[in-house]
Amino acid sequence: MPLQQDIQLIVQVEESPGQFSCEAYSGLPLTNPVFLAFSHVGSAAAQADMRRLAAAFLTELWTVAAGRPVHPPCGRRAFAGGCHALGEPDCQKVLVVVGDAVTPLSATHPALGPWLGADPTFLILPALPETARTAFSSLVPAGVSRQNAAFWTRSADELLPAVFATAGITAAQPKIFISYRQRDSAEAAVQLFDALSHARFDTFLDHFRIAPGVNFQSRLTQELGDKSMVLVLESEHLLQSEWVLYEINVAKSCGLGLFAINFADAPKVPGIDDDIRLKLTAADFVGGAVGGRLTDGAVAKVTTLARTHHDRALLRRRIALEQSFDEAVQRAGGAPPVRQPNGAFRVAAPGKDYLAWLTTRPPELPDFHLVHGAAAKPIAGVIIGLTSLMEPPRMVRNEWLAGLCDLKIVDEGRLVWAAAEMARGAL
């Protein structure tokens with residue numbers, strides 16, 4: 001990693017004007033190192049909201065990502081603009097500025113400095129209450145007003161997913177698959193598809209996404225692999241659907257996240273814990289018609305919890321995938337893989353080195369671009385992903401692209417074999 005002491009994430013929280021407390025972490029499944037600073041516009045309300053958001057971020061980071069604390073070079077107290085990470089070109093720098101509905105952000109705010117230039121690795125996330133939406137352009141200086149702000153309704157910690165996504169710790173666009181039985185819950189499923197799509201989820205619902213003439217099971221399997229979580233609508237007759245059981249089994253076998261919405265004490269899907277289940281009652285459906293249209297409040301609850309569970313599932317899956325690869329290489333007698341600034345792993349073997357990129361889904365063009373650009377000969381590039389879930393035409397295209405880029409693609413199910421072959425220099 002390019003940061004000192006193998007640090008992957010630096011988190012700074014403003015304590016007084018220009019002065020920040022500092023925490024640092026390693027052992028995280030990040031594609032690049034991240035510097036994240038929390039600041040505020042100066043009012044007591046904004047400071048309290050900033051502290052609430054920063055505390056929620058650190059709690060979630062510790063609970064889900066299990067990062068290892070590292071003593072930062074600054075000794076845990078830093079001044080704005082003084083961190084070594086700000087000068088590293090491979091580091092993503094994010095400034096979260098928390099405001100209120102009346103206090104303007106000064107263009108001379110001491111934390112803003114480096115973020116007002118043209119460097120694309122410096123990102124600003126303005127965070128404000130919903131009441132400030134209409135006055136946003138008058139509350140921030142010109143250099144900040146071009147940034148897409150995030151707004152909360154009840155509490156600043158609602159913006160936790162936006163902070164994780166802006167920092168690149170989770171996906172900018174969450175990917176979710178809705179598993180349901182049309183007989184029981186078609187109306188609710190379509191309503192949730194619309195709500196999640198408007199909330200910037202990449203959402204799959206067979207009602208809209210599978211064209212006539214397409215092999216249904218093949219496309220369904222590929223769509224599952226492309227997503228990070230399956231949203232299961234537990235309706236009265238759900239478990240009688242062979243398709244739903246197939247979708248859940250694929251999700252479990254591939255380590256995808258699961259989040260269940262239980263309709264008024266309907267039978268539960270075995271293997272889904274209650275802590276990843278939202279229970280709805282008849283009162284959550286318009287007119288009490290279970291499986292029909294949901295109330296606005298119920299839709300809001302599902303949308304909020306879906307993002308939280310999605311991000312947690314994605315982080316845990318990345319962690320499990322990377323740990324499995326690291327352990328497999330070492331069990332085969334290889335040296336521990338070394339994480340590179342772009343998130344790939346360098347594996348040193350007798351007479352041959354590899355650059356391995358682990359993706360939680362079937363490989364896509366950005367994966368080939370990343371590895372091909374970084375794995376200059378004599379280093380061999382390898383992409384490991386869910387290739388077995390791809391439709392045949394997509395697999396043919398990926399194999400052609402792998403040949404063009406002189407890379408190898410390996411299905412995640414053969415990860416242990418691939419790691420052992422790399423450790424021996426035989427892949």
Side-chain angles (χ1 to χ4, degrees), residues 31 171-180 182 189-190 193 196-197 200-231 241-258 310 313-314 317-318 321 325 342-344 354-375 380-418 421 427:
T31 57
Q173 185 179 34
K175 297 176 180 287
I176 194 167
F177 184 108
I178 299 178
S179 182
Y180 73 111
Q182 288 196 19
V190 171
F193 172 84
L196 290 166
S197 298
R200 296 187 292 278
F201 283 74
D202 176 359
T203 311
F204 172 84
L205 186 71
D206 58 4
H207 188 78
F208 297 105
R209 293 283 289 269
I210 298 184
V214 171
N215 183 303
F216 188 84
Q217 183 169 353
S218 180
R219 177 60 56 85
L220 201 70
T221 303
Q222 179 171 277
E223 289 285 354
L224 278 162
D226 279 329
K227 303 301 180 282
S228 300
M229 188 179 77
V230 176
L231 177 65
S241 169
E242 292 183 5
W243 285 115
V244 167
L245 295 177
Y246 172 77
E247 292 159 6
I248 293 171
N249 286 334
V250 170
K252 289 180 177 179
S253 66
C254 295
L256 306 182
L258 287 166
H310 170 278
L314 180 58
R317 174 148 164 66
R318 284 181 183 168
L321 188 61
F325 181 72
N342 63 1
Y354 298 89
L355 189 71
W357 173 250
L358 311 177
T359 173
T360 59
R361 45 177 169 63
E364 297 176 337
L365 180 60
D367 304 310
F368 290 92
H369 182 264
L370 180 147
V371 179
H372 179 63
V382 181
I383 298 174
I384 300 176
L386 292 169
T387 61
S388 63
L389 301 189
M390 294 190 295
E391 290 179 295
R394 181 170 168 183
M395 187 64 201
V396 169
R397 291 193 297 270
N398 273 10
E399 288 176 340
W400 171 82
L401 188 56
L404 190 67
C405 298
D406 195 21
L407 306 173
K408 292 187 180 296
I409 52 175
V410 180
D411 181 64
E412 184 183 319
R414 305 189 72 197
L415 180 147
V416 173
W417 169 84
E421 292 294 287
L427 187 65

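Note that these values count all heavy atoms, side chains included, but never hydrogens, waters or copies made by symmetry.
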J.: So Lys408 and Tyr354, side chain to side chain contact (heavy atoms under 4.5 Å, CB included) or not? Walk me through it.
T.: CA-CA 10 Å; Lys408 292 187 180 296; Tyr354 298 89; over 6 Å; no
J.: For the pair Asp367 and Arg361, evaluate side chain to side chain contact (heavy atoms under 4.5 Å, CB included) and give the outcome as yes or no after the intermediate values.
T.: CA-CA 10 Å; Asp367 304 310; Arg361 45 177 169 63; 2.9 Å; yes
J.: Compare every heavy atom of Phe368 with every heavy atom of Pro363, then report the nearest pair and how far apart it is.
T.: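 Result for this residue pair: CB-CE1, 4.0 Å.
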J.: Determine the minimum heavy-atom distance between Phe325 and Ala356, stating which atoms define it.
T.: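 In terms of heavy atoms, the two residues are closest at CZ-CB, 3.7 Å.
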J.: If the test is side-chain contact (heavy atoms from CB on, under 4.5 Å), which one of Asp226, Ile383, Asn398 qualifies with Glu364?
T.: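 Running side-chain contact (heavy atoms from CB on, under 4.5 Å) over Asp226, Ile383, Asn398 with Glu364 returns exactly one hit, Asp226.
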J.: Provide the closest heavy-atom pair for Gly225 versus Pro362 in the form atom of the first, atom of the second, distance.
T.: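 Smallest interatomic distance, heavy atoms only, reads O-CD, 3.1 Å.
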J.: Let me confirm one number: the CG-NZ distance from Leu256 to Lys227, rounded to the nearest 0.5 Å.
T.: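 That separation rounds to 10.5 Å.
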J.: Give, for atom CG of Asp406 and atom NE2 of His372, the distance between the pair rounded to the nearest 0.5 Å.
T.: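 It is 8.5 Å, given to the nearest 0.5 Å.
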J.: If you take all heavy atoms of Leu355 and Val371, which pair is closest and at what distance?
T.: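 Minimum heavy-atom separation between Leu355 and Val371: O-CG1, 4.2 Å.
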J.: For Glu399, which residues count as a side chain to side chain contact (heavy atoms under 4.5 Å, CB included) partner, sequence neighbours excluded?
T.: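 By the side chain to side chain contact (heavy atoms under 4.5 Å, CB included) rule, Glu399 matches Met395, Ile409.
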J.: Could you list the residues that satisfy side chain to side chain contact (heavy atoms under 4.5 Å, CB included) with Arg397, not counting sequence neighbours?
T.: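 In terms of side chain to side chain contact (heavy atoms under 4.5 Å, CB included), with neighbours along the sequence ignored, Arg397 is linked to Pro393, Arg394.
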J.: For Ala313 and Ser228, which heavy atoms make the closest approach, and how far apart are they?
T.: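 Ala313 and Ser228 have their closest heavy atoms at CB-O, 4.3 Å.
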J.: Would you please name every residue forming a ring-ring contact (aromatic ring centres under 6.0 Å, His included) with Trp243, sequence neighbours left out?
T.: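 Per chain and number, Trp243 pairs via ring-ring contact (aromatic ring centres under 6.0 Å, His included) with Phe216.
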J.: Table please: side-chain donor-acceptor pairs of residues 172-179 below 3.5 Å, with sequence neighbours left out.
T.:
residue: Lys175; atom: NZ; partner: Asp202; partner atom: OD2; Å: 3.2
residue: Ser179; atom: OG; partner: Glu247; partner atom: OE1; Å: 2.5

J.: Is any side-chain heavy atom of Val250 less than 4.5 Å from a side-chain heavy atom of Val230?
T.: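 A side-chain contact under 4.5 Å is absent here.
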J.: My understanding is that only residues two or more places apart in sequence, or in another chain, count here; which of them pass side-chain hydrogen bond (donor to acceptor under 3.5 Å, both in side chains) with Asn342?
T.: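 Counting only residues at least two positions away or on another chain, Asn342 forms no side-chain hydrogen bond (donor to acceptor under 3.5 Å, both in side chains).
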J.: Any side-chain heavy atom of Trp417 sitting closer than 4.5 Å to one from Leu427?
T.: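 Counting from C-beta outward, Trp417 and Leu427 do come under 4.5 Å.
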J.: Compare every heavy atom of Ala189 with every heavy atom of Tyr180, then report the nearest pair and how far apart it is.
T.: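 That closest heavy-atom pairing would be CD1-CB, 3.7 Å.
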J.: Identify, with sequence neighbours excluded, every residue that meets salt bridge (charged side-chain N to carboxylate O under 4.0 Å, His left out) alongside Arg317.
T.: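 Result, salt bridge (charged side-chain N to carboxylate O under 4.0 Å, His left out) vs Arg317: Glu412.
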J.: State, with a plain yes or no, whether a side-chain heavy atom of Gln182 is found less than 4.5 Å away from one of Asp206.
T.: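 Yes, their side chains come closer than 4.5 Å.
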J.: Excluding sequence neighbours, so at least two apart, what forms side chain to side chain contact (heavy atoms under 4.5 Å, CB included) with Ser253?
T.: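 Once residues adjacent in sequence are excluded, Ser253 has no partner under the side chain to side chain contact (heavy atoms under 4.5 Å, CB included) criterion.
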J.: Side chains of Leu220 and Phe204: does their closest heavy-atom pair fall under 4.5 Å?
T.: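 A side-chain contact exists here, since the closest heavy-atom pair is under 4.5 Å.
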J.: Where do Cys254 and Leu386 land on the side chain to side chain contact (heavy atoms under 4.5 Å, CB included) test, with the steps shown first?
T.: CA-CA 8 Å; Cys254 295; Leu386 292 169; 4.1 Å; yes
J.: Can you list the residues that meet the salt bridge (charged side-chain N to carboxylate O under 4.0 Å, His left out) rule with Asp411, with sequence neighbours excluded?
T.: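 Per chain and number, Asp411 pairs via salt bridge (charged side-chain N to carboxylate O under 4.0 Å, His left out) with no residue.
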J.: A side-chain contact here means heavy atoms from C-beta on lying under 4.5 Å apart; do Leu205 and Val190 qualify?
T.: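 SC-SC contact between Leu205 and Val190 confirmed.
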J.: Quick one: side chain to side chain contact (heavy atoms under 4.5 Å, CB included) partners of Leu365, sequence neighbours excluded?
T.: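 Leu365 satisfies side chain to side chain contact (heavy atoms under 4.5 Å, CB included) with Leu401 once adjacent residues are dropped.
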J.: Once you round to the nearest 0.5 Å, how far does NE2 of His310 lie from CE of Met229?
T.: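 Nearest 0.5 Å value for the NE2-CE distance: 6.5 Å.
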J.: Could you work out, with side-chain hydrogen bond (donor to acceptor under 3.5 Å, both in side chains) as the rule, every residue matching Ser241, not counting sequence neighbours?
T.: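 Per chain and number, Ser241 pairs via side-chain hydrogen bond (donor to acceptor under 3.5 Å, both in side chains) with no residue.
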